[in-house]
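Below is one structure; the comments refer to it alone.
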Amino acid sequence: MKIQIQQLIAQALESIASQGVVPVDQIPEPVIERTRDNRHGDFACNIAMVLAKIARSKPRDLAEKIIAALPPSELVAKVEIAGPGFINFYLGESAYHSLIPQIIAKGHDFGRSELGKGKRVQVEFVSANPTGPLHVGHGRGAAYGAVVADLLQAVGFDVHREYYVNDAGRQMDILATSVWLRYLELCDETLTFPVNGYKGDYVWDIAATLHRENGEAYKHSSEEVFRDVPADEPAGGDKEKHIDGLINSAKHLLGDNRYRFVFELGLNTILDDIRDDLSLFGVNYEEWYSERSLTESGAVNRTIERLRASGHLYENEGALWFRSTDFGDEKDRVVVRDNGQSTYFASDIAYHMDKLERGFERVIDVWGADHHGYVPRVKAALQALGDDPSKMDVLLVQFAILYRGGEKVQMSTRSGEFVTLRELRKEVGADAARFFYVMRKCEQHMDFDLDLAKSQSSDNPVYYVQYAHARVCSVLAQAAEKGINIDISEGAANLERLSEAHELALLTSLSRYPEVVESSAMNEEPHQLTQYLRELANEFHTYYNAHQFLVDDDALRDARIKLILAVRQVLRNGLGLVGVSAPERM
RNA sequence: GCCCCUGUAGCUCAGCAGGAUAGAGCAUCCGCCUCCUAAGCGGAAGGUCGUGCGUUCGAAUCGCGCCAGGGGCGCCA
């Protein structure tokens, strides 16, 4: 609808430009807005005010000329000049009535568009290290990334969802070593667990599997394991050196094959758990991209060579540095450590280079806000490699703080005391969790009220919207019981009977849906959609309370049923995009 | 110290490529089920948009300073 109005204005502008009222080359794209107040009509355009200076005439005079030049349209019932020079459009009721058969005919596709023209977009999100189960912090990134991806797909982008699996590096070695130490404890070895090891119960579980299936095949005495290992922090040593020593012990005592086995067991167990967890959360990927594969395929080395060849690397104190300050970073960064190991950053550059090499026109990374410092250096690297860093967008998601009974839920990753995503799903359900996570702008610090998410009342926005859907279904079931035939093939027949203020308000909201989807997608702001769904549900509930649908007047009843069918369709489509179910009964 | 995010009603938040009287939900108060699910609806009350300048016809929205809260600044991942 908005587009049609925009076209009318554009034509009018062309026409007055050809009359020489304004210079042809200075006509901006006309901006059409929904009016905030329906006394100002349905749409408003401020073009006359914008152009007044250029045309050297008063906004209201200019507006008059534009209106005179407007081509006739069936949509528009009335056009007025208001205030300082707004051009207000009033649509005819028939414009809204004709929307209903459109929505019903398009069904699931109503609101979808081809705006993205099939452009390939990659969305990488969550990508948590597989060193433990996902926690509620990852949940927000998961929900947000998933909805952004779905929205982009809905407006016609070719979307590729990806999880970057950090299956290499020191953290994974720490996990493998933690598992092994727990295993040794299960073999009745006595030892002091390292401060820096992973202490969660899931580590015990993996160790138990190792023990159950392999007996004592991986056993070594703790004395042997801890021999020559530098002291841990509580013993006056350095916790980093201590854990590195233990990793070396593990590699040395177990040998390549057995160490690899423990390592893989840990990795696979956790990764399977993460996959399962996300899938139950309605989050699915086209690809799980292995970091290790970047090293194994030589991509990391290739990247480093390319950087070296283009003169962006230098050596200092035994390490290899990338001169990221040349591209606006605040300091240079190490890509290869003095021990010869490439850094996580080196893999990251290789990964992002690979993304662009795979031909994505746009690459979106959803990161936790704590990673914001990495943005300049990754972009710097892409630039150094001759790629276009503007193809990469990083969406930073702020943390969520859980509240239960009005109290902050304390969490600490270090001690292993965090609320997992799985626990959250169990407590409030996947629907509520998904909806709550995307209800707020991603850069907004979020207070997640567990009690509210659980409450089965209209206070809970998820139930509120779902209930509207269920209510429509209930009315339709009621109609079926009474043997009322709903013939949706009749197009706009009887729809002229919809003239109540509540009905027109609902129709206006329905007409906004495609605009909301487009705006949510293009701005990566799912909260616009949840906000809209709440408004639509509210208008439906109001209508429901004010009018009876299953009335004796056949034509009126038919029109009303068609209207609520359209409402149901839009609620269903919108909830679908958020990843929330649309129950038929509650 | 530097960088990022945030500051709008008692609480949680919308609104921010400048535009017409700043919105919603919760909480508070007053009403509405012999009628399609009251998991619902209506009404009232509630705000110098953190603060000071500036840009302009017009600023919650843009710029700069200041104040307050959160996060980040490793040869960690």
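Just the heavy atoms: all of them, side chains too, but no hydrogens, waters or symmetry mates, feed the values below.
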- Item | Under-4.0 Å side-chain N/O to phosphate OP1/OP2 contact, A:Lys441 with B:G15 | yes

- Message: Strictly below 4.0 Å: does A:Lys331 bring a side-chain N or O up to OP1 or OP2 of B:C75?
- Response: yes

- Expressed in whole Å, how much space separates the C1' atoms belonging to B:U8 and B:U48? 12 Å

- Message: Looking at A:Asp459 and B:A27, is any side-chain donor or acceptor paired with a base atom of the opposite kind under 3.5 Å?
- Response: no

- Message: Checking contacts here: which listed nucleotide (B:C3, B:C13, B:G69) is nearest the side-chain heavy atoms of A:His445?
- Response: B:G69

- Message: Check the phosphate of B:A14 against A:Gln444, side-chain N and O only, distance under 4.0 Å to OP1 or OP2. Yes or no?
- Response: yes

- Does A:Tyr464 stack onto the base of B:A39, taking stacking as ring centres under 5.5 Å apart and planes under 30° apart? no

- B:G19 P sits how many Å from A:Phe43 CZ, rounded? 18 Å

- A:Glu443 CD - B:C13 P separation (whole Å): 13 Å

- Sticking with atom C1', work out how far B:G63 lies from B:G31, rounded to a whole angstrom. 50 Å

- Item | Rounded interatomic separation in angstrom, taking CG from A:Asn523 and C1' from B:G15 | 13 Å

- Message: Whole angstroms only, please: what is the CE-C1' distance between A:Met49 and B:A20?
- Response: 8 Å

- Message: At less than 4.0 Å, is any side-chain N or O atom of A:Thr343 found next to OP1 or OP2 of B:C75? Yes or no.
- Response: no

- Item | A:Asn538 versus A:Tyr464, side-chain donor and acceptor atoms under 3.5 Å | yes

- Message: Regarding B:C3, can its base be found pairing with the side chain of A:His372 as donor and acceptor, where the two atoms are less than 3.5 Å apart?
- Response: yes

- Query: Is A:Glu330 touching bases, backbone alone, or none of the nucleic acid, heavy atoms closer than 4.0 Å?
  - Reply: sugar-phosphate

- Query: Of the nucleotides B:G19, B:C13, B:C75, which has the atom closest to the A:Ala319 side chain?
  - Reply: B:C75

- Message: Rounded to whole Å, how long is the line connecting atom CZ of A:Phe436 with atom P of B:U12?
- Response: 14 Å

- Message: With a 4.0 Å cutoff (strictly under), does any side-chain N or O of A:Arg471 reach OP1 or OP2 of B:A38?
- Response: yes

- Task: Could you tell me whether the side chains of A:Tyr544 and A:Glu539 share a donor-acceptor contact shorter than 3.5 Å?
- Result: no

- Query: Which part of the nucleic acid, if any, lies within reach of A:Asn538 when heavy atoms closer than 4.0 Å are counted: base, sugar-phosphate only, or nothing?
  - Reply: sugar-phosphate

- Using a cut-off of 4.0 Å on non-hydrogen atoms, how would the nucleic acid contact of A:Ala44 be classed: base, sugar-phosphate, or nothing? base

- Query: Between B:A27, B:U12, B:U37, which nucleotide has the shortest distance from any of its atoms to the side chain of A:Ala470?
  - Reply: B:U37

- Assign A:His527 to base, sugar-phosphate, or nothing according to its heavy-atom contacts below 4.0 angstrom with the strands shown. sugar-phosphate

- P atoms of B:G69 and B:A24, separation to the nearest Å: 32 Å

- Message: Hydrogens and angles aside, do A:Tyr543 and A:Glu503 bring a side-chain donor and acceptor to less than 3.5 Å of each other?
- Response: yes

- Paired to B:U51 by Watson-Crick or G-U wobble criteria (both distances under 3.5 Å) is B:G65

- Query: Atom CD of A:Glu535 and atom P of B:C41: how far apart are they, to the nearest Å?
  - Reply: 13 Å

- Message: If I take atom CE in residue A:Met586 and atom C1' in nucleotide B:U37, what distance separates them, rounded to the nearest angstrom?
- Response: 10 Å

- Task: Using only side-chain N and O atoms of A:Thr542, determine if any of them is under 4.0 Å from OP1 or OP2 of B:G42.
- Result: yes

- Item | No-hydrogen, no-angle side-chain donor-acceptor test under 3.5 Å, A:Tyr198 and A:Gln171 | yes

- Item | Nearest-neighbour nucleotide for the A:Ser474 side chain, B:U37, B:U12, B:G19 considered | B:U37

- Query: So does A:His541 reach the base of B:C41 with its side chain, donor to acceptor, closer than 3.5 Å?
  - Reply: no

- G-U wobble or Watson-Crick pairing nucleotide for B:C11 (cut-off 3.5 Å, both distances): B:G25

- Message: Can you tell me which nucleotide in B:G69, B:C75, B:A20 comes closest to the side chain of A:Thr35?
- Response: B:A20

- Query: How far does the P atom of B:C49 sit from the matching atom of B:C62, given to the nearest Å?
  - Reply: 15 Å

- Message: Determine whether the aromatic ring of A:His40 stacks with the base of B:A20, defined as ring centroids separated by less than 5.5 Å and ring planes inclined by less than 30°.
- Response: yes

- Task: Could you check which of B:C36, B:G74, B:A14 has an atom nearest any side-chain atom of A:Arg333?
- Result: B:G74

- Query: Looking at A:Ile81, A:Asp61, A:Ile47, which one forms a side-chain contact (heavy atoms from CB on, under 4.5 Å) with A:Ile66?
  - Reply: A:Ile47

- Message: Using a heavy-atom cut-off of 4.0 Å across all strands, would you classify A:Ala48 as base, sugar-phosphate, or nothing?
- Response: nothing

- Using a cut-off of strictly less than 4.0 Å, decide whether A:Asn460 has a side-chain nitrogen or oxygen near OP1 or OP2 of B:A39. no

- Message: Taking any heavy-atom pair under 4.0 Å as a contact, classify A:Ala546: base, sugar-phosphate, or nothing.
- Response: nothing

- Query: When all nucleic acid strands are considered with a 4.0 Å heavy-atom cut-off, which category describes A:Asn196: base, sugar-phosphate, or nothing?
  - Reply: nothing

- Using the C1' atom on both, measure B:A27 against B:U12 and round to a whole Å. 11 Å

- Ignoring backbone atoms, establish whether A:Tyr344 has a side-chain N or O less than 4.0 Å from OP1 or OP2 of B:G74. no

- In whole angstrom, what separates A:Glu525's CD from B:C16's C1'? 10 Å

- Message: Is it true that A:Ser520 and A:Glu525 share a donor-acceptor pair across their side chains at a distance under 3.5 Å?
- Response: no

- Query: Given B:A39, B:C36, B:C75, which nucleotide is nearest the side-chain atoms of A:Asp338?
  - Reply: B:C75

- Indicate whether any N or O donor in one side chain lies under 3.5 Å from an N or O acceptor in the other, for A:Arg440 and A:His445. no

- A:Ser455 and A:Asp459: side-chain donor and acceptor closer than 3.5 Å? no

